[in-house]
Amino acid sequence: AIQMTQSPSSLSASVGDRVTITCRASQAIRDTLVWYQHIPGKAPRLLIYSASTLQSGVPSRFSGSGSGTDFTLTISGLQPEDFATYYCLQEYDDFLTFGGGTKVEI
Amino acid sequence: QVQLVQSGAEVKQPGASVRLSCRTSGFTFINYVVHWVRQAPGQRPQWLGWINPANGNTRSSEKFQGRLRLTSDTSADTAYMELSSLTSEDTAVYYCAKDRVGVASSPDHWGQGTPVIVSS
């Protein structure tokens with residue numbers, strides 16, 4: 001199975017900050033990388049697919065980049081509602097695998 | 001709008017089975033596979049498998065071979081997941097989710113989750 005490694009596992013930030021989260025795949029996965037936001041008690045929310053395509057309705061302060069094995073999620077201008085855990089997922093392989101998550105805290 | 005509404009929390013004894021439901025609306029059920037994902041406390045999400053309601057085909061993680069059964073009822077736009085021979089390691093929140101593209105990409109819309117506790 002393709003292993004997904006996220007870093008950092010957690011970070012502290014303030015409203016208005018620029019935040020960068022990275023995700024590394026154990027093998028090349030082209031651009032088949034997805035980012036989710038998860039707030040406890042809520043359904044996960046799709047943010048970005050195909051590494052850099054913003055899901056409809058997601059604010060433009062979220063952006064994604066990367067290809068191959070290394071990917072980045074950037075939040076430009078952190079808002080109070082963005083404090084959550086973020087996960088990457090690879091859909092290159094039939095057997096989907098998630099990263100370990102990055103918890104963004106105040 | 002797209003909605004996936006899951007059944008309520010379950011408490012099971014080790015060795016038992018659990019069957020969860022996922023009632024969908026707001027999209028054409030037979031056009032999209034439904035994924036099942038779980039997240040145990042303190043762990044990363046884990047993909048279990050998907051079912052294609054159009055033909056009943058399924059694909060599941062080899063880790064659950066023989067224990068996982070995915071079904072669907074197209075007359076009710078509902079997907080079901082049954083997991084047998086439960087152990088404490090199956091304690092998790094279980095989610096169903098609609099595929100983004102149709103046939104086996106990754107989830108876009110998710111249900112609210114069903115907590116399953118396995119304890120004697």
Side-chain angles (χ1 to χ4, degrees), chain A residues 1-10 21-26 29-58 62 64 71 73 84-103, chain B residues 1-6 8-9 22-27 32-52 57-65 68 70 92-115:
Chain A
I2 299 174
Q3 310 298 320
M4 306 301 293
T5 303
Q6 272 183 252
S7 61
S9 56
S10 66
I21 298 167
T22 64
C23 181
R24 175 165 288 176
S26 61
I29 60 169
R30 298 201 301 265
D31 66 345
T32 60
L33 194 283
V34 179
W35 290 99
Y36 296 97
Q37 177 193 64
H38 193 199
I39 296 170
K42 289 190 165 186
R45 178 193 185 192
L46 172 63
L47 299 175
I48 287 168
Y49 61 92
S50 299
S52 61
T53 302
L54 201 64
Q55 170 71 349
S56 174
V58 174
F62 292 92
F71 302 87
L73 172 70
T85 300
Y86 294 84
Y87 293 96
C88 62
L89 170 143
Q90 66 76 21
E91 58 177 16
Y92 179 84
D93 188 78
D94 278 353
F95 301 103
L96 309 180
T97 48
F98 290 82
T102 297
K103 186 174 184 180
Chain B
Q1 73 279 25
V2 174
Q3 285 192 309
L4 297 96
V5 179
Q6 298 185 232
C22 172
R23 177 169 49 87
T24 73
S25 61
F27 65 98
Y32 297 86
V33 305
V34 173
H35 297 266
W36 289 88
V37 175
R38 75 180 186 182
Q39 186 166 26
Q43 297 192 21
R44 68 183 64 195
Q46 183 178 33
W47 178 78
L48 303 181
W50 55 251
I51 181 164
N52 185 342
N57 287 350
T58 63
R59 183 94 164 155
S60 59
S61 170
E62 57 200 11
K63 293 181 181 178
F64 301 96
Q65 294 290 343
L68 180 68
L70 303 178
V93 178
Y94 288 73
Y95 296 93
C96 63
K98 167 190 163 290
D99 193 81
R100 177 171 51 80
V101 172
V103 181
S105 62
S106 59
D108 57 2
H109 293 85
W110 296 62
Q112 83 278 16
T114 297

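Every chain is numbered from 1 and lettered A, B, ... according to where its sequence line falls, protein lines coming before strand lines.
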Here the salt bridge (Lys or Arg N to Asp or Glu O under 4.0 Å) pairs for residues 34-43 of chain B, sequence neighbours left out, are B:R38-B:D90
Tightest non-hydrogen contact, residues B:Q39 and A:Y87, listed as NE2-OH, 2.7 Å
What part of B:V93 gets closer than 4.5 Å to chain A, counting heavy atoms only: side chain, backbone, both or neither?
neither
For B:S105 against A:L96, the heavy-atom pair lying closest together:
O-CD2, 3.6 Å
I need the residue from B:P107, B:G113, B:G111 with the largest number of non-hydrogen atom pairs under 4.5 Å to chain A.
B:P107
Identify which of A:A1, A:G41, A:A43 forms the greatest number of heavy-atom pairs closer than 4.5 Å to chain B.
A:A43
Per-residue contact mode, A:F95 against chain B (heavy atom under 4.5 angstrom):
both
Taking heavy atoms only and a threshold strictly under 4.5 Å, list by residue number the residues of residues 44-51 of chain A that touch chain B; give 'none' if the list is empty.
A:P44, A:L46, A:Y49
Counterpart residues, side chain to side chain donor-acceptor pair (under 3.5 Å), relative to B:R59 (two or more places apart):
A:D94
So, do A:H38 and B:W110 sit near enough that their side-chain heavy atoms are less than 4.5 Å apart?
no
Using the side chain to side chain donor-acceptor pair (under 3.5 Å) criterion, which residues pair with B:R100? Sequence neighbours excluded.
A:E91
